[in-house]
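Letters A, B, ... mirror the listed sequences (proteins, then strands); counts begin at 1.
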Amino acid sequence: MMLSGDIPPNQTIYIKNLNEKIKKEELKRSLYALFSQYGRILDIVALKTAKLRGQAWVVFSEVTAASNAVRQMQNFPFYDKPMRIQYAKTKSDCLAKADGTYIPRDKKKKQEEKADRKRRGEEPQRSATANGTTSDVNGGPNASFGKPSAQESAAAPNNILFIQNLPHETTSMMLQVLFQRYPGFREVRMIEAKPGIAFVEFEDDVQSSVAMQALQGFKITPQNPMAITYAKK
DNA sequence: AGCACA
C-alpha cells in the first residue's frame with residue numbers, strides 16, 4: 001500500500017504545512033534536530049519565496065531513514081501545525097553531485113531536463129563534484145555519547161533533566177520537539193539569562209531516564225552534543 | 001496548496 005500519495009520512496013522527504021512565520025535558519029535547525037534521529041542528514045533545503053515557503057526538503061543518507069521519517073513523523077505538531085510529509089518527487093542535487101550524475105540546470109528554463117537523449121556515450125563528467133558531498137555529520141539515531149563535562153554521572157535520578165552544551169540559538173520549541181516523544185514528558189524550561197542550558201521535566205524519573213538515554217549526546221549541531229544529567233534536587 | 005537545490 002502506497003499511502004504517501006503515490007510517490008515512490010526517495011532519500012529525500014518533502015514536508016509541507018510548515019509554519020511560515022518561522023525564520024529559515026531556525027526552521028532548518030529544528031528540522032535537523034527533529035529528523036536526525038532517523039539517520040544521517042545530508043542536506044536541508046528551505047526557501048522563503050512565495051512559491052516555496054512553508055515547505056522543506058530533508059535529504060537523508062538512506063532511503064530507510066526517509067521512510068521511517070515519513071511514517072513516524074506524519075502529522076507531527078511542529079510549531080503548532082501538523083507536518084505533512086511525503087517523499088520528494090525528484091532526486092536532490094546534493095545526492096546527484098555525490099553520484100557524479102549532477103547536471104547543472106540552466107537558469108533560463110527550469111524544467112527542460114526531461115530530454116535524456118542517449119546521444120552516444122555522453123556521460124556526465126564525474127570529476128570535481130564527485131567528492132563534493134557536504135555531509136554534515138550528526139550521530140544518527142543513537143549518536144555518539146559526548147559525556148557530560150566536569151561533574152559526572154553520579155547525580156541522583158530525578159524527573160527533571162538538566163541539559164547543557166546547547167547552541168545558544170536553541171529555543172524551547174526545538175527541545176520540546178525532541179523530548180515530547182518520550183512518555184511522561186511535561187515541559188521544557190529555559191532561562192533567558194543563561195543560554196546553552198535547559199531543564200526538561202518528566203512525570204517521573206524512570207521516564208526522564210529513558211529520554212536521557214535516548215538523547216544523550218544528541219547533536220543539534222555537529223559541534224553541540226547534548227550533555228544530559230539529572231537536575232539537582 | 002505549493003516539489004528545490006542562492
Q | Ring centre gap for Y230(A) and F162(A) strictly below 6.0 Å | A | no
(Q) Any base atoms under 4.0 Å from L52(A), or only sugar-phosphate, or nothing? Heavy atoms, all strands. (A)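 If one applies the 4.0 Å heavy-atom cut-off, L52(A) turns out to touch the sugar-phosphate alone, with no base involved.
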(Q) Heavy atoms only, 4.0 Å cut-off, all strands: where does K48(A) land among base, sugar-phosphate and nothing? (A) nothing
(Q) For Y87(A), is there any backbone N or O sitting under 3.5 Å from a side-chain donor or acceptor partner on N10(A)? (A) no
(Q) I'd like to know if the side chain of Q216(A) reaches the main chain of I228(A), judged simply by a donor and an acceptor atom lying under 3.5 Å from each other, with no hydrogens or angles considered. (A)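 Flag set: sc Q216(A) to bb I228(A) pair under 3.5 Å.
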Could you check how far [atom1] of [X] sits from [atom2] of [N], rounded to whole Å?
X	N	atom1	atom2	value
R84(A)	dC3(B)	CZ	C1'	17 Å
W57(A)	dA6(B)	CH2	P	12 Å
R105(A)	dC3(B)	CZ	C1'	11 Å
D93(A)	dC5(B)	CG	P	8 Å
I85(A)	dC3(B)	CD1	C1'	15 Å
K28(A)	dC5(B)	NZ	P	12 Å

Nearest of [options] to any side-chain atom of [X]?
X	options	result
R53(A)	dC3(B), dG2(B), dC5(B)	dG2(B)
K89(A)	dC3(B), dC5(B), dG2(B)	dC3(B)
T90(A)	dC5(B), dA6(B), dG2(B)	dC5(B)

Q. Is there a donor and acceptor pair closer than 3.5 Å between the side chain of S92(A) and the base of dA4(B)?
A. yes
Q) According to the interplanar angle, ranging from 0 to 90°, do the rings of F185(A) and F202(A) count as parallel (below 30°), tilted (30 to 60°) or perpendicular (above 60°)? A)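 Because their plane-to-plane angle is over 60°, the rings of F185(A) and F202(A) count as perpendicular.
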Q) Between A88(A) and A46(A), which has a closest nucleotide on DNA chain B that is more 5'? A) A88(A)
